[in-house]
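First up is the structure itself, then whatever we jot down about it.
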Amino acid sequence: KNAKKFGLDEDRMLDVLLGAIVCGVIGARLYYVAFSWERYRDNPIEILYLWNGGIAIYGGVIGAILGGVILCKLRRVKTLPMLDLCSAGLILAQGIGRWGNFCNGEAFGSATTLPWRMNVAYASGTGLTQAQEYLLTLPSDQIMEMGGIEAIGVHPTFFYESVWCILGFVLLWKMRDHRKFDGQLILTYTIWYGAERFVVEGLRTDSLMIGNLRVSQIVALVSAITAAIVMMVVLSKKKAAHDPEYLKLYVETEEAQLIREGKFYLKKEKKTEISAENEENTEENTQENAGSEADPAEETSVKDEKTDEEA
């Protein structure tokens with residue numbers, strides 16, 4: 001339904017989307033493994049054990065986008081409209097998916113006594129969750145200063161991100177019909193999510209690290225700033241052009257209209273068939289011409305033979 005609003009073919013869009021999801025899962029795993037190599041160095045086969053956990057959302061996003069771009073080329077789908085189409089769904093999926101961290105008692109923040117602090121315990125009452133184990137590692141002086149272990153919880157960073165992503169979904173959904181250029185929604189997603197992730201990542205206790213730097217904070221900051229610069233440059237150029245055709249939305253083009261009518265790819269296929277037929281005809285004509293060029297020589301040979309016999 002939404003594919004046609006971006007000038008895309010539904011079937012081909014779905015092909016790209018399904019492939020991008022697979023690439024996203026692979027990217028999420030490889031990203032995590034790359035920055036946690038010490039866990040897998042001695043037993044690399046464990047890289048395949050996804051059920052033991054260990055994926056990273058930024059790796060998933062990067063993998064999905066790279067895979068999606070390649071598949072767009074293969075399936076002849078316009079890349080920027082495709083990225084715009086998927087941006088709202090992507091951030092909504094992240095907002096919902098973060099509740100899996102709550103169910104697993106993971107991806108939490110540092111210790112806090114704020115009213116909305118999170119205390120996670122197993123329903124059976126036996127064993128310690130990751131959050132409880134973390135709180136027990138705090139220095140006794142810090143525990144006492146914060147009012148005792150019973151008064152301490154952890155920042156529900158999953159909740160912070162979930163709320164921010166859902167708000168981002170609302171924003172992107174509202175922007176669908178007000179885009180100025182193709183790619184604006186994916187740039188907005190990058191800025192919106194990057195700003196939140198940079199802040200929230202600073203509260204987490206399980207960040208992937210490069211030395212003393214948090215990997216996700218670096219990626220979030222660089223991607224958000226880059227996207228903001230690109231957005232400003234494109235909008236300023238479009239405004240200065242004073243030309244409605246400059247960076248015109250793909251959905252408004254004649255090609256997109258043909259796609260909505262189901263004629264564009266049929267037209268392409270017919271052109272391909274005609275081109276193939278022309279090539280075959282050319283080859284046949286070449287062969288016929290080659291044969292006709294050989295005939296005079298044969299006739300001359302026959303005449304020479306007759307002349308010899310008469311002589």
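Just so it is clear, the structure is predicted and the values come from calculations on it, not from any experiment.
- Among residue pairs with one or both ends in residues 46-63, those qualifying as side-chain hydrogen bond (donor to acceptor under 3.5 Å, both in side chains) are Asn43-Glu46; sequence neighbours excluded.
- Closest of all the heavy-atom pairs between Arg29 and Gly53 is NH1-O, 2.9 Å.
- Residues passing the side-chain contact (heavy atoms from CB on, under 4.5 Å) test with Cys72, sequence neighbours excluded: Val16, Val77, Thr79, Met82.
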Give every donor-acceptor pair under 3.5 Å between a side-chain atom in residues 154-162 and any protein atom, sequence neighbours left out.
{"residue": "His155", "atom": "ND1", "partner": "Tyr160", "partner atom": "OH", "Å": "2.9"}
{"residue": "Thr157", "atom": "OG1", "partner": "Ala107", "partner atom": "O", "Å": "2.5"}
{"residue": "Tyr160", "atom": "OH", "partner": "Trp116", "partner atom": "NE1", "Å": "2.8"}
{"residue": "Glu161", "atom": "OE2", "partner": "Arg98", "partner atom": "NE", "Å": "2.9"}
{"residue": "Glu161", "atom": "OE2", "partner": "Arg98", "partner atom": "NH2", "Å": "3.1"}
{"residue": "Glu161", "atom": "OE2", "partner": "Tyr193", "partner atom": "OH", "Å": "2.8"}
{"residue": "Ser162", "atom": "OG", "partner": "Gly95", "partner atom": "O", "Å": "2.7"}
{"residue": "Ser162", "atom": "OG", "partner": "Trp99", "partner atom": "NE1", "Å": "3.0"}

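- Shown here for Ala111 and Leu135, the closest heavy-atom pair between the two residues is CB-CD2, 4.0 Å.
- Between Tyr189 and Val61, the closest side-chain pair of non-hydrogen atoms falls below 4.5 Å.
- Considering only residues two or more places apart in sequence or on other chains, Asp42 meets the side chain to side chain donor-acceptor pair (under 3.5 Å) condition with none of them.
- Looking at Glu38 and Arg41, no side-chain N of the basic residue comes within less than 4.0 Å of a carboxylate O on the acidic one, giving no salt bridge.
- Within 6.0 Å of atom CG in Leu171, more than 12 heavy atoms from other residues, nucleotides or ligands are found, so the atom counts as buried in its surroundings.
- Judged as a side-chain contact (heavy atoms from CB on, under 4.5 Å), and not counting sequence neighbours, the contacts of Ala256 are Tyr250, Thr253, Arg260.
- Hydrophobic cluster membership is shared by Leu80 and Met175, with clusters built from Ile, Leu, Val, Met, Phe, Trp and Tyr side chains linked at under 4.5 angstrom.
- Atoms CZ and CG, from Phe181 and Leu235 in turn, are 5.0 Å apart once rounded to the nearest 0.5 Å.
- What you find for Gln132 and Thr129 is that their closest heavy atoms are OE1-N, 3.0 Å.
- To the nearest 0.5 Å, atoms CG (Leu71) and CZ (Arg76) are separated by 14.5 Å.
- The shortest heavy-atom contact between Phe198 and Gln217 is O-NE2, 2.8 Å.
- Hydrophobic clustering (ILVMFWY, side-chain heavy atoms < 4.5 Å, transitive): Ile62 and Leu30 are in distinct clusters.
- Between the CD atom in Glu196 and the CD atom in Glu201 there is a gap of 9.0 Å [rounded to 0.5 Å].
- Side-chain contact check for Leu167 versus Trp192: some heavy-atom pair is nearer than 4.5 Å.
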Before giving the answer on side-chain contact (heavy atoms from CB on, under 4.5 Å), spell out for Cys86 and Leu17 the whole-Å C-alpha distance, their side-chain angles and the decisive distance to 0.1 Å. CA-CA 8 Å; Cys86 294; Leu17 181 60; 4.1 Å; yes
- Task: Dump the intermediate steps for side-chain contact (heavy atoms from CB on, under 4.5 Å) on Thr112 and Leu203, then the final yes or no.
- Result: CA-CA 10 Å; Thr112 182; Leu203 297 173; over 6 Å; no
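- Every side chain to side chain donor-acceptor pair (under 3.5 Å) that Asp206 has, sequence neighbours left out, goes to Arg204.
- Residues passing the side-chain contact (heavy atoms from CB on, under 4.5 Å) test with Lys238, sequence neighbours excluded: Lys180, Tyr246, Leu247.
- No side-chain heavy atom of Lys73 sits under 4.5 Å from any side-chain heavy atom of Ile70.
- Interatomic distance, CD1 of Ile210 versus CD1 of Ile218, reported as 5.0 Å (0.5 Å rounding).
- Within 6.0 Å of atom NZ in Lys237, 12 or fewer heavy atoms from other residues, nucleotides or ligands are found, so the atom counts as exposed in its surroundings.
- Take Arg179 and apply the side-chain contact (heavy atoms from CB on, under 4.5 Å) test, not counting sequence neighbours, and it matches Phe6, Asp84, Asp182, Gln184, Leu185, Leu249, Val251.
- Within the structure, salt bridge (charged side-chain N to carboxylate O under 4.0 Å, His left out) contacts touching residues 15-26 (residues at least two apart or in different chains) are Asp15-Arg75.
- Interatomic distance, CG of Leu172 versus CG of Leu92, reported as 10.5 Å (0.5 Å rounding).
- Note: the hydrophobic cluster containing Trp37 does not contain Met209 (ILVMFWY, side chain heavy atoms under 4.5 Å, direct or indirect links).
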Acceptor/donor pairs from residues 137-146 side chains to any protein atom, 3.5 angstrom cut, sequence neighbours excluded:
{"residue": "Thr137", "atom": "OG1", "partner": "Tyr134", "partner atom": "O", "Å": "2.4"}

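- Without hydrogens or angle criteria, Trp164 side chain to Arg197 main chain gives no donor-acceptor distance under 3.5 Å.
- Cluster annotation: Val25 and Leu90 are assigned to distinct hydrophobic clusters (Ile/Leu/Val/Met/Phe/Trp/Tyr, side-chain heavy-atom contacts under 4.5 Å, transitive).
- Side chains of Leu18 and Val22 form no contact here, defined as non-hydrogen atoms less than 4.5 Å apart.
- Hydrophobic clustering (ILVMFWY, side-chain heavy atoms < 4.5 Å, transitive): Ile21 and Leu85 are in one cluster.
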### Worked verdict on Leu208 versus Ser36 for side-chain contact (heavy atoms from CB on, under 4.5 Å)
CA-CA 7 Å; Leu208 297 175; Ser36 306; 3.2 Å; yes
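- One finds the CD atom of Gln130 at 11.5 Å from the CG atom of Leu128 (value rounded to the nearest 0.5 Å).
- Under the rule for a ring pair (Phe, Tyr, Trp, His ring centres under 6.0 Å), the partners of Phe169 that lie at least two apart in sequence or sit in another chain are Trp173.
- Between Gly7 and Ile259, the shortest heavy-atom contact is O-CD1, 3.5 Å.
- Across every non-hydrogen atom of His178 and Lys174, the tightest pair is CD2-O, 3.1 Å.
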Report, one line per pair, each donor and acceptor closer than 3.5 Å where one atom sits in a side chain of residues 219-233; sequence neighbours left out.
{"residue": "Ser223", "atom": "OG", "partner": "Val219", "partner atom": "O", "Å": "2.7"}
{"residue": "Ser223", "atom": "OG", "partner": "Ala220", "partner atom": "O", "Å": "3.1"}
{"residue": "Thr226", "atom": "OG1", "partner": "Val222", "partner atom": "O", "Å": "2.7"}

